[in-house]
Structures are given as C-alpha cells and as structure tokens.
Amino acid sequence: MPPIVALESTVISHGLPYPQNIQLAQRLEAIIREEGVRPATIGIIEGRIIAGLGEAHIRLLATTRDIRKVSRRDLPIVVARKLNGATTVAATMWAAHRAGIQVFATGGIGGVHRGLGDLGTGSFDVSADLQELAQTPVTVVCAGVKAILDLPATLEYLETFGVTVIGYQTNEFPAFYSRESGLTVDVRCDTPEEVAAIIQAKRQLNLPGGLLVAVPIPEEAAIPKGEIEPIIALAIEEAEFHKLRSAAVTPFLLKKIAEMTGARSLEANLALLENNARVAAQIARVLG
Ligand code: PSU
Ligand code: MN
C-alpha cells in the first residue's frame, strides 16, 4: 500500500468556521499529495465509516449545521442509526488503524481539561483522545494541545499510559498557538527519519498504543503566551458560567477564542494544520 496520511473531520465541522473549514480540508489534502503521499480524510456518512471522504462528503460535513461530533463512544450510535458524523482524534485514530493507516495529522489533540469543577460544571473531563493514544497504534502529528487544557496534567496522563511524546525540532512541548510551554518532551527528533526509527522500534517491541509527534506552530503565525492566556482564561470562565460539559466544552472554547482574537487565532490554526500535514506526510513517506 502506498503511504497514506489520515485527517480528522471534527476540525472541519466544529473546529473552524465556514468557508475556511472546507478550504483548509482541501488544502491539507493537496499538501499531502505534494509530498507524494495519499490523504484520507475520515468521517461518517449515513452510518458508514469512510477513510478517504470524497469532495461532496467533505462539503456536507463542512456545511451542515449540528453534525454530530463522534468520539469513540459515539461510533456504535452513529453506525446503528445511520447518521452523519465528524470524527475526533480518538475516532479518527481508531478508523485509521482499521484501514491500515499509520500516520495521522491534526491541529491539536484533546487532553485533560483545566479545573472546570470549581463552579460545579463537572470536575472531571479527560478527552478520549488520550486513551486512544494509549491503545491504538497510530502516530498523531499535532501542534501540542491547546492552552485551554491543563498541559502538565495531559503530559502526566500520557506518561502513565505509555505514550511516547516526540518534539519535532524542539525540546519543548508546544502549546498550539505558542511555540513554548516550559514543559519538556520525551525526545527531540529533527528529521522524519528519526521519528520513523522510533515508531518502528515501538512496533518491534510490541508496545501497544500510538505516539505523539508535537510540532511547534511556524514562527510567523505564533501568538505569544502572554497574549493568548488572558483570552483563554476568559473563555473558560464563560464556559463555566454556561455550565457546559462533555463534548460541548472544546467547540465552545475554540469559538470564543476565535471571536476574541479575530482573524489571528484562525490564521494561526490554519498555519499549524498545514505545517503538521506536511510533516506527517514526510514521516509516512519514510515509513513507506
Ligand atoms: N483541538 C483543536 N481543534 C479541534 C479539536 C481539538 O484545536 O477541532 C477537536 C479534535 O477533533 C479533538 C476534539 O479530538 O476536539 C477533542 O474533543 P474532546 O475534548 O471533547 O474529546
Ligand atoms: Mn471532554
């Protein structure tokens, strides 16, 4: 099989506004093809889990209101009821592995949420993305986790479950909009070959689960931590005020941050997604 890179669809339906979402989906596929690799955007159409959505299906997910956000727990529901669904990192990893795909590019993975518990809105919110990384052998290329989350707790969780975290051309775990977090990665790799060697060693050792490759956002698109932090804090306060929980939390926070930073966070989000798609394609090519 030629090398393939998987792409998720929740970022299309819930992570970005229209029409940037559909333009981005097409752009990511083009970038992966430019590297000589096949893209496979993953989503669910009328209960069918598809690895390699066509243009019309991507358009459907990008333009329909209230597309269901599908994580692992939602898979049996959308399949049984023949619904349309956009897959999160967790569900995309699962579907990618089932389709024989080893590498997956996204923007940010879910993680351990900051203490939303203080105001009684639910004190325990850990994304299913982390458990998926613990059990499904797919390499996820991302720009870290959004600073809406508890980064140190997220890294601790990954360590507990044996997920290797690789910094791509960095010693620090990147924080999505910002290149720095003050937190370290398990290993730094500077080339796709170095990453591929670690993926192959993990497979040879029969270690279960995936790997996380964290790539800092390109310098010119980065938003300094001091600038984005107060905005994130406001967005979290608002989520607490509205007593949001479960799957609604992440899309709400992303939308609020986009509103408060104007085009800037959107530009940053697009830039890092494109960058990650390229890095993922280069890794997939080395893996063959
Ligand atoms: N982070 C982003 N953009 C996104 C997401 C995360 O910057 O669109 C999406 C991804 O699909 C991720 C999901 O898998 O949110 C995590 O949601 P939850 O925290 O409900 O597991
Ligand atoms: Mn959650």
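Counting starts at 1 for both ligands and their atoms, following the listed order.
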Which heavy atom of the protein is the closest neighbour of atom 6 (C) of ligand 1, given with residue, atom name and distance?
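Residue, atom and distance for the closest contact: G108 O, 3.3 Å.
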With heavy-atom distances below 4.0 Å as the criterion, list the atoms of ligand 1 near [X].
X    : answer
S127 : 18 (P), 19 (O), 21 (O)
G15  : 8 (O)
K146 : 2 (C), 7 (O)
K69  : 17 (O), 18 (P), 20 (O)
D129 : 12 (C), 14 (O), 16 (C)

May I ask you to check whether [X] has an N/O atom sitting below 3.5 Å from an N/O atom of ligand 1?
X    : value
S246 : no
T88  : no
A247 : no

Taking only distance into account, with no hydrogens and no angle test, what donor-acceptor pairs under 3.5 Å do side-chain atoms of residues 189-197 form with protein atoms, sequence neighbours excluded?
unit_1 : atom_1 : unit_2 : atom_2 : d
D190   : OD1    : R188   : NE     : 3.1
D190   : OD1    : R188   : NH2    : 3.1
D190   : OD2    : R188   : NE     : 3.2
T191   : OG1    : E194   : N      : 3.1
E194   : OE2    : D190   : N      : 2.9
E194   : OE2    : T191   : N      : 3.4

Answer whether the closest heavy-atom distance between the side chains of T87 and W94 falls below 4.5 Å.
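No; the side chains remain at least 4.5 Å from each other.
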Is there a side-chain contact between I44 and L83 in this structure, where contact means two heavy atoms from C-beta onward sitting under 4.5 Å apart?
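Counting from C-beta outward, I44 and L83 never come under 4.5 Å.
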Hey, which protein N/O/S atoms does the Mn ion (ligand 2) have under 2.8 Å?
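Under 2.8 Å from the Mn ion (ligand 2) - ignoring waters, which are not counted - the protein N, O or S atoms are D125 OD1.
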Judged by non-hydrogen atoms, does L254 sit under 4.0 Å from ligand 1?
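For ligand 1, residue contact (heavy atoms, under 4.0 Å) with L254 is present.
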Verify, without hydrogens or angle tests, whether D186 (side chain) and T164 (backbone) share a donor-acceptor contact under 3.5 angstrom.
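Answer holds: no.
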